[in-house]
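Single-structure report; data block below.
As the structure is a computational prediction, the values presented were derived from the model and not from experiment.
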Amino acid sequence: ERIQAFLLSRMNGNGAIESIDFTWLPLPTVVVRGASLDLADRVSGKIGSIEIHPSLLALLRGQLAISRMEVASPTLSVRFPEPGEEPFNIDEIETNIRKLLASFATETPGMTVTVTDGSAEVRIGHRPPVMITGLAGRLVGPPGEMQFQISCRANVFDSLRIEGSTAGDTLATKGRIRIDRLRLRDSMASLFPRGHEYVADGETSLNAALTSVGLNEIKAEVEGTAPSLRLARGNRETVIEGLTMNGVITRDEGVASAVIQRLDLVSPRFITTGELSVDSTSTARLNLAGKDVDV
């Protein structure tokens, strides 16, 4: 009953569980089957099984302390509104994250959560969905740093891997993100309101090192390559080949900027550096400097 209450509380009461089995040997294990959830029309889905390993010592003391949780075959559907349909408050989101980490540290300190064979459909408004498969992950909860690893495939990229750590008290985060063969036209159609109509074909691979303090101070060092990119406008097309770039993306006190340390094209030959910044009033400034440019 306490484990059922624990799981349903994490679903904000909008969940159901078909059955719970408990075994003592070789170690105390709880297997939850047929769990489903529905959170405010945003997240819904089912979970094949959840295997929970409570601490034997804590059980002998009449206490429930979960040391490990293994989630198998979750199938989720995630819906986001179009930007602008609902107010976006980054401070409120950061406050909710702090509360969640504090809850983890108090109620389930040091718990390890693993996810295997997951899938998800992620959709923004009425745009084409991102279909995620092969979702796997591992999370080690606070106190101290929360460590996380996530990997998956999708219809818009070949592979994605995220790993890093977050301090529970300051939300100071360090991590790395690697994405291979991101299909630009499909991903832009799913994630951005405009722009995909100009990309006829092309893929890119990205590698980013991320550091942040909360959600208001973020820095990402990005490297990327695109072997070939075909752009279209009306009946006109052009092909860009051999694109490599590296730069730094930051957000600090409401100002977002992207510094292009070097962007290099093989064909047409083009080398440039520059900076794009957007402030809290959505005023954008762009400075570029190039050489060997066939104007």
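- The structure places OG1 of T211 at 9.5 Å from CD1 of I218, a figure rounded to the nearest 0.5 Å.
- Just one of S159, S205, S187 meets the side-chain contact (heavy atoms from CB on, under 4.5 Å) condition when paired with L182; it is S187.
- Here the side chains of L25 and L27 are not in contact, with every heavy-atom distance at 4.5 Å or above.
- Taking each heavy atom of Y198 and R233 in turn, the nearest pair found is CE2-CG, 4.2 Å.
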Test L210 against K174 for side chain to side chain contact (heavy atoms under 4.5 Å, CB included), laying out the working first.
CA-CA 6 Å; L210 174 71; K174 294 181 179 179; over 6 Å; no
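- The salt bridge (charged side-chain N to carboxylate O under 4.0 Å, His left out) search around D201 returns none, not counting sequence neighbours.
- Partners of T283 under the side chain to side chain contact (heavy atoms under 4.5 Å, CB included) rule, at least two apart in sequence or in another chain, are D279, T281, R285.
- Not counting sequence neighbours, the partners of E163 by the side-chain hydrogen bond (donor to acceptor under 3.5 Å, both in side chains) test are R161.
- A 4.5 Å side-chain heavy-atom check between V30 and I20 finds at least one atom pair inside the cut-off.
- Cluster annotation: V248 and I177 are assigned to distinct hydrophobic clusters (Ile/Leu/Val/Met/Phe/Trp/Tyr, side-chain heavy-atom contacts under 4.5 Å, transitive).
- Listed by chain and number, the residues in a side-chain hydrogen bond (donor to acceptor under 3.5 Å, both in side chains) with R185 amount to none (sequence neighbours excluded).
- In this view, I260 and L263, L288 satisfy the side chain to side chain contact (heavy atoms under 4.5 Å, CB included) rule, not counting sequence neighbours.
- Side-chain contact check for L229 versus V239: every heavy-atom pair is 4.5 Å or farther apart.
- Between I124 and L191 there is a side-chain heavy-atom pair separated by less than 4.5 Å.
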Output a table of donor-acceptor pairs, distance under 3.5 Å, between side-chain atoms of residues 130-157 and any protein atom two or more places apart or on a different chain; print 'none' if there are none.
{"from": "N155", "atom 1": "OD1", "to": "M131", "atom 2": "N", "distance (Å)": "2.8"}
{"from": "N155", "atom 1": "ND2", "to": "P129", "atom 2": "O", "distance (Å)": "3.3"}

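- Here the CG-CD distance, from L171 to E217, works out to 12.0 Å after rounding to the nearest 0.5 Å.
- Scanning both residues, A232 and A200, for their nearest heavy atoms gives CB-CB, 4.2 Å.
- The list of side chain to side chain donor-acceptor pair (under 3.5 Å) pairs with a residue in residues 263-276, not counting sequence neighbours, reads R262-D264, D264-R269.
- With sequence neighbours excluded, the residues satisfying side-chain hydrogen bond (donor to acceptor under 3.5 Å, both in side chains) with R79 are S77, E121.
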Derivation and outcome, side chain to side chain contact (heavy atoms under 4.5 Å, CB included), residues D21 and R33:
CA-CA 8 Å; D21 299 325; R33 305 188 189 279; 3.7 Å; yes
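- Pairs of residues two or more places apart, or lying in two chains, that qualify as salt bridge (charged side-chain N to carboxylate O under 4.0 Å, His left out) and include a residue from residues 235-246 are R230-E237.
- Annotation: side chain of E82 is in contact with side chain of R127 (closest heavy-atom distance under 4.5 Å).
- By the rule that hydrophobic residues join a cluster once side-chain heavy atoms approach within less than 4.5 Å of another member, F192 and V122 end up as members of one cluster.
- Residues L231 and I240 meet the side-chain proximity criterion, which asks for heavy atoms closer than 4.5 Å.
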Using residues 43-52 as the side-chain source, report each donor-acceptor pair under 3.5 Å to any protein atom, sequence neighbours left out, with the distance given to one decimal.
{"from": "E51", "atom 1": "OE2", "to": "H53", "atom 2": "NE2", "distance (Å)": "3.1"}

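- Hydrophobic clustering (side-chain heavy atoms under 4.5 Å, transitive across Ile, Leu, Val, Met, Phe, Trp, Tyr) keeps V113 apart from V31.
- L76 and F80 fall within the same hydrophobic cluster, defined by Ile, Leu, Val, Met, Phe, Trp and Tyr side-chain heavy atoms under 4.5 Å apart, directly or through other members.
- Between T112 and S67 the shortest side-chain heavy-atom distance does not fall below 4.5 Å.
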Show, in sequence, the C-alpha distance, side-chain angles and deciding distance for M69 and M111, and conclude whether the side chain to side chain contact (heavy atoms under 4.5 Å, CB included) test is met.
CA-CA 8 Å; M69 182 185 299; M111 181 176 69; 4.1 Å; yes
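- Residues passing the ring pair (Phe, Tyr, Trp, His ring centres under 6.0 Å) test with F22 are W24, sequence neighbours excluded.
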N/O donor to acceptor pairs below 3.5 angstrom from side-chain atoms of residues 221-228, sequence neighbours left out:
none

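- At a threshold of 4.5 Å between side-chain heavy atoms, the hydrophobic network of Ile, Leu, Val, Met, Phe, Trp and Tyr places M245 and V259 in two separate groups.
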